[in-house]
Amino acid sequence: MSTNAGGHTTGRHGHSGSVTWPEARAIALRAAPPWPVAEVSLPMAYGCRLARPLRALVAVPGVDVSAMDGYAVAGEKGPWQVVGRVLAGGHAHDEVLKPGEAVEIATGAQVPEGATAVLPYEAATVTPAPGRSSAAVEPPGGPPGGSTGVGEQPPGGSTGPGEQLPGGVAGVGEQSPGGVAGVGEQMAGPGASRWAGVTVSGVVDEGRHIRRRGEDVGLDEVVLAAGTTVTPAVLGLAAALGHDVLAVHRRPEVAVLVTGDEVVDEGLPEPGRVRDAIGPFLPGLVEWAGGRMGARLRLPDGAAPLHTALRRHAEAGRRACPGSEGGLQGADLGGLQGADLIVACGASSKGPADHLRAVLDELGADVLVDGVAVRPGHPQLLARLPDGRLVVGLPGNPFAALAAALTLLVPLLRGERYEPGERATLAGAAKARPPAEGCHGTAPQRGPEARKGHGLAHPRDTRLVPVRRSGKGAVPVGHDRPGSLWGAALADALAVIPPGWDGEPVELLDLPD
Ligand SMILES: Nc1nc2c(c(=O)[nH]1)N[C@H]1C(S)=C(S)[C@@H](COP(=O)(O)OP(=O)(O)OC[C@H]3O[C@@H](n4cnc5c(N)ncnc54)[C@H](O)[C@@H]3O)O[C@H]1N2
Ligand code: MOO
């Protein structure tokens, strides 16, 4: 037996056959398989982890483009003769720009070969052709409602030759929304006569406001490592780099078996019945931990229904393997055919209706965790079926089930992405209910130790205590009986209190928000 950094002993401990809480979590992490890889469309990849590094299928930008609305000019000194216009998404200017020439250009439009820099409208002085009105250089159809075309008189003043247009008033980009200059319009060639004699001047630095091909991302450059979680930004980046599908470890699908003849799914439970309080919290927890919620089946008490459901799942798994034929029809599989992992709620303890352990044995499962020295949640199970699929057994008491899910299920679903929680001091520990004698805890400690809050500790078992983070540390919220989720609903974390805890900072396990 050894002691880890959190002060827990590791190895078999506490209840017969059970392992310590840190060891149970470590076993689950070791058991987490790399979930199957699939090529999925971008929206489907959201929340999954990349199975392969993300490479750029195209350079970004793909060609040299303008970073500003203005004029692409050739040669370092103006004035430049305007010879056309290029819009984003339109035709490129098909001639090499000669020194002394310029094209009006939109942000994102391809910069013509030969261009030295882009002169933004704000820095440009446009001079109409001598003896021609500004209308002569208007784009076809004239400027859109109120905006000023190149060389047109700006509001509130006359535009004499050489006068600078007000920044942003005239612009290719402004004309497009008005439908004046269609996307792709290019005024080189015959249309260039409209520009005859129009010049533009200003001061440019070589290369200024030109985004060069591959400047953001080079062709074939690796931008993200395998294992990266696909966030909204990753989806946008992948699209920008030319991807329509991504190879991801698809999110494991979790099927849930809810046992218990006394458990009802809706309405007011009659005396002797209880509402299912575990089924409702699992979908959110599974999604939060990176899984996908699959089928939920209600099973009557008894070994046979549990045996049948798990055996069918194993057969469904074999059918799902490439090359396997025959077997059960989809309708017979009870919705378990897609599941990578099964969670069984209840039936994990030692009562006459608690058959999970025996059924797993009958099915030849390898039981990896059979009870954990933790309160609440000690009758929790982790087993691997002969086909490799994992079964997590959660206790029937709802808060115990939540604590067990955070112990085994979340590490299994997160795998390599799992990170232990931060450490925090425990404040106001007196609010927490000291563990009661018996199966759910031990007698509270008395004296100065208890006043420091050490009464929360159990001599042999870890305790998981609902807390809320505050400026003064984590504050136990109370209401933490195994059968009630009240405390967990008030809390934002479970404090992990090691056996024999003496007041040092404790790990906080996040609760799903
Ligand atoms: N002789 C022993 N008895 C018990 C032990 C033990 O070690 N020895 N452990 C106790 C602890 S701790 C727990 S937790 C429970 C776990 O029991 P099971 O996992 O077998 O679950 P059940 O017996 O079916 O139910 C326990 C309790 O929870 C209620 N329940 C069950 N399912 C749900 C649900 N989906 N939603 C809400 N409530 C549910 C059920 O009605 C029972 O009250 O065993 C102790 N006994
Ligand atoms: O799992 Mo039980 O207390 O530990 O409710």
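Both ligands and their constituent atoms are indexed starting at 1 by order of listing. Remember, it's a predicted structure, so these values are computed and weren't measured experimentally. Excluded from the calculations below are hydrogen atoms, water molecules and symmetry mates; all remaining heavy atoms, backbone and side chain alike, are included.
Set against the non-hydrogen atoms of P395, the atoms of ligand 1 under 4.0 Å away are 14 (S), 19 (O). Counting the atoms of ligand 1 from 1 in the order shown, those under 4.0 Å from a heavy atom of A347 are 18 (P), 19 (O), 20 (O), 21 (O), 24 (O). Below 4.0 Å from some heavy atom of D276 lie the following atoms of ligand 1, by number and element: 34 (C), 35 (N), 36 (N). Those atoms of ligand 2 that come under 4.0 Å of a heavy atom in A400, given as number and element, are 1 (O), 2 (Mo), 5 (O). Every atom of ligand 2 is numbered from 1 in the order shown, and the set under 4.0 Å from a heavy atom of H378 is 1 (O), 4 (O). Taking every non-hydrogen atom of P482 and a distance limit under 4.0 Å, the qualifying atoms of ligand 2 come out as 3 (O), 5 (O). In summary, the atoms of ligand 2 found under 4.0 Å from a heavy atom of P379, numbered by their order in the structure, are 1 (O). Interface atoms of ligand 1 facing P398, defined by a heavy-atom separation under 4.0 Å, are 37 (C), 38 (N).
Within the 3.5 Å criterion, the main-chain N or O of V111 finds no donor-acceptor partner in the side chain of D64. Listed for the Q380 side chain is a donor-acceptor partner under 3.5 Å among the backbone atoms of G377. Checking side-chain atoms of R463 against main-chain N and O of I497 turns up no donor-acceptor pair under 3.5 Å. Looking only at distances, no side-chain donor or acceptor of D216 sits under 3.5 Å from a matching main-chain atom of P61.
For ligand 2, none of its N or O atoms has an N or O atom of V374 under 3.5 Å away. In terms of N/O distances under 3.5 Å, ligand 1 is not approached by T259. By the 3.5 Å distance cut-off applied to N or O atoms, C345 is not counted among the residues near ligand 1. Residue P379 has no N or O atom closer than 3.5 Å to an N or O atom of ligand 1. For N397, a nitrogen or oxygen atom sits less than 3.5 Å from a nitrogen or oxygen atom of ligand 2, counting backbone and side chain alike.
Relative to the six-membered ring of W35, R49 misses at least one condition, a distance below 6.0 Å or an angle of at most 45° to the axis.
Of all the heavy atoms of R275, the ones lying under 4.0 Å from any atom of ligand 1 belong exclusively to the backbone. Residue P482 does not touch ligand 1, judged by heavy-atom distances below 4.0 Å. Contacts with ligand 1 closer than 4.0 Å are made by side-chain heavy atoms of V263 only, the backbone lying farther away. Looking at V274 against ligand 1, only its side chain comes within 4.0 Å, counting heavy atoms.
Put simply, the side chain of L54 does not reach to within 4.5 Å of the side chain of T228, judged on heavy atoms.
Salt bridge annotation for R469-E422: present, with a cationic side-chain nitrogen under 4.0 angstrom from a carboxylate oxygen. In this structure, R273 does not pair ionically with D261, as no charged nitrogen and carboxylate oxygen lie closer than 4.0 Å.
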| request: Check the pair D301, E262 against side-chain contact (heavy atoms from CB on, under 4.5 Å), reporting the backbone distance first and the verdict last. | output: CA-CA 9 Å; D301 278 334; E262 78 285 23; 4.2 Å; yes

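With rounding to the nearest 0.5 angstrom, the NZ atom of K472 is 11.0 Å from the OG1 atom of T425.
Of the residues V222, V223, V58, the one that meets the side chain to side chain contact (heavy atoms under 4.5 Å, CB included) test with V217 is V223.
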